[in-house]
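Hydrogens, waters and symmetry mates are skipped; everything else that's a heavy atom, side chains included, is used.
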Amino acid sequence: MPKVLSSFPVSGLFAVAKPSGPTSMSVVNDIKNLVVGSRLFVDADNQVKPSGKGSKRGRFARDVVKIGQGGTLDPLADGVLVIGVGKATKKLSEFLDCVKEYRTTALFGCETDSFDSEGAVVRVAPWKHITRERVDSALPKFTGEIQQTPPIFSALKMDGKPLYEYAREGIPLPRPIEKRKVTVYNLSVVEWKGNAHGYRYPEKKFTDEQKAAVEKAMHGIEDQLRVNDEPEQEAGTDTSAVACVLQMKVSGGTYVRSIVHDVGHAVDSAAHVVTLTRVRQGRFTLEPEDEKDVGCVPWSVFENALKDQGEADADGWREWERVVIEHLEVVEGRRSDGKKEV
């Protein structure tokens, strides 16, 4: 039975199934282009006519209603992106530290600076010895409460300077990168692709100068990013490098890319992420299993509405608004008796 709102506008939370490609910020901005003109979230006097996908607005439109997201996904990643509108933005911080579930494809034999396929190849390594059994036996090392080192090519700062700047400029790190305590509740191989896939190593490659800069930046501290190739016959080609799909349930702050990178080292090779899906973030999920789970609004709903919102139904709702209502957790609104619903 369709949800019925007794009154509006409301503040609320919902999740969108972000596609791979766009940034999280661009997804939020595109949704806001619809939200600012909707009676669901904005009173009639302040509504602003939607201006289409990717458009930019003036300050007035930006201030009509607050909107934000509860945990950035990289452009490569897809999956659950929690959106807060109005006073619900104050609740978004709850989703930064909540339990999350991911599904990721790891491609072996190649290490990149970013630990994923968006980066540049740092080195190639042997992979022919890798089997599912060998990967399975390595995973217990990365489950439970573990100490994780963030990637050197990240925006985390040390003494006010992003780590990636040390690496790119060849400036020695003042001290080792501080490890973070995270919890990996479960980690398993859910699909062994072997070499039956179409994934390829990135075309971008580290130059000798870039490799020297990273080595200089990490001189004298624990090795994290290896830059020396370990050739074997076929090690430098990705035509048959093995890949597998890992599923994991982790605490907030866990670097999925780092887990894949470290698993590559644990099986005496290298590995990087080629696909990454956030399956769950708190109670929001791509795959609802019980009544407490909340599903996601497909990105196509917003994408189509940005092109043409279509006609309103008998209750005055356009299709995208109706879909959002079905997935919406109202944080503040009005009940039928006129009292605030919080």
Side-chain angles (χ1 to χ4, degrees), residues 1-19 21-73 80-95 281 283-284 294-342:
M1 183 176 178
K3 280 186 181 179
V4 177
L5 296 178
S6 58
S7 65
F8 39 85
V10 299
S11 292
L13 295 165
F14 62 91
V16 59
K18 175 193 173 296
T23 64
S24 294
M25 182 59 70
S26 69
V27 168
V28 171
N29 287 338
D30 283 342
I31 293 175
K32 187 167 187 176
N33 277 330
L34 295 170
V35 165
V36 294
S38 172
R39 64 183 184 136
L40 178 59
F41 298 110
V42 182
D43 61 63
D45 292 337
N46 291 319
Q47 289 172 22
V48 179
K49 184 178 180 180
S51 57
K53 189 176 187 298
S55 63
K56 295 183 179 180
R57 298 175 168 275
R59 181 177 178 181
F60 173 71
R62 292 198 303 270
D63 293 343
V64 165
V65 62
K66 291 182 179 179
I67 185 170
Q69 47 86 9
T72 301
L73 284 173
V80 181
L81 185 67
V82 179
I83 305 293
V85 180
K87 293 183 179 180
T89 55
K90 295 179 180 179
K91 292 186 173 291
L92 290 174
S93 59
E94 299 174 7
F95 296 94
Q281 187 171 11
R283 57 191 173 276
F284 292 97
V294 183
C296 298
V297 179
W299 172 242
S300 59
V301 170
F302 297 109
E303 194 169 38
N304 292 336
L306 287 163
K307 298 173 184 175
D308 181 7
Q309 293 199 61
E311 297 297 323
D313 62 18
D315 295 321
W317 299 116
R318 302 185 189 275
E319 181 180 0
W320 77 266
E321 293 170 317
R322 178 64 71 188
V323 176
V324 168
I325 289 172
E326 292 301 316
H327 294 81
L328 185 66
E329 281 194 355
V330 175
V331 171
E332 182 177 274
R334 294 278 177 182
R335 301 187 316 207
S336 57
D337 59 6
K339 295 182 180 180
K340 279 188 177 182
E341 180 179 0
V342 181

Once side-chain contact (heavy atoms from CB on, under 4.5 Å) is applied, do any residues pair with Q281, and if so which ones, sequence neighbours excluded?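 Result, side-chain contact (heavy atoms from CB on, under 4.5 Å) vs Q281: V80, V82, F95, C98, K100, R278.
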
Counterpart residues, side-chain contact (heavy atoms from CB on, under 4.5 Å), relative to V42 (two or more places apart):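 Expected list: N46, Q47, V64, V65.
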
Under 3.5 Å donor-acceptor, [X] side chain and [Y] backbone:
{"X": "D43", "Y": "D45", "answer": "yes"}
{"X": "S11", "Y": "K87", "answer": "yes"}
{"X": "R39", "Y": "A44", "answer": "no"}

What is the distance from atom [atom1] of [X] to atom [atom2] of [Y], rounded to the nearest 0.5 Å?
{"X": "K18", "Y": "T72", "atom1": "NZ", "atom2": "OG1", "result": "10.0 Å"}
{"X": "D30", "Y": "F302", "atom1": "CG", "atom2": "CZ", "result": "10.5 Å"}
{"X": "N304", "Y": "E319", "atom1": "CG", "atom2": "CD", "result": "7.5 Å"}
{"X": "E321", "Y": "D313", "atom1": "CD", "atom2": "CG", "result": "9.0 Å"}
{"X": "F14", "Y": "L328", "atom1": "CZ", "atom2": "CG", "result": "7.5 Å"}
{"X": "T23", "Y": "N29", "atom1": "OG1", "atom2": "CG", "result": "7.5 Å"}

Indicate the atoms forming the closest heavy-atom contact of [X] with [Y], along with that distance.
{"X": "V10", "Y": "F41", "answer": "O-CD2, 3.3 Å"}
{"X": "V27", "Y": "P22", "answer": "CG2-CG, 4.0 Å"}
{"X": "L13", "Y": "A88", "answer": "CD2-O, 3.7 Å"}
{"X": "V297", "Y": "V324", "answer": "CG2-CA, 4.3 Å"}
{"X": "H327", "Y": "F284", "answer": "O-CE2, 4.5 Å"}
{"X": "W299", "Y": "I31", "answer": "CZ3-CG1, 4.0 Å"}

Just by distance, with hydrogens left out, do Q69 and S24 show a side-chain donor and acceptor under 3.5 Å apart?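 No - no donor-acceptor pair under 3.5 Å links their side chains.
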
Stepwise side chain to side chain contact (heavy atoms under 4.5 Å, CB included) test for V301 and V16: CA-CA 9 Å; V301 170; V16 59; over 6 Å; no

With the side chain counted from C-beta on, respond yes when W320 and L306 share a heavy-atom pair under 4.5 Å apart, and no when they do not.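 A side-chain contact under 4.5 Å is absent here.
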
Given side chains that start at C-beta, do those of I67 and V36 come closer than 4.5 Å, heavy atoms only?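 I67 vs V36: side chains apart.
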
Just to verify, what does R283 make a side chain to side chain donor-acceptor pair (under 3.5 Å) with, not counting sequence neighbours?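 Per chain and number, R283 pairs via side chain to side chain donor-acceptor pair (under 3.5 Å) with E329.
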
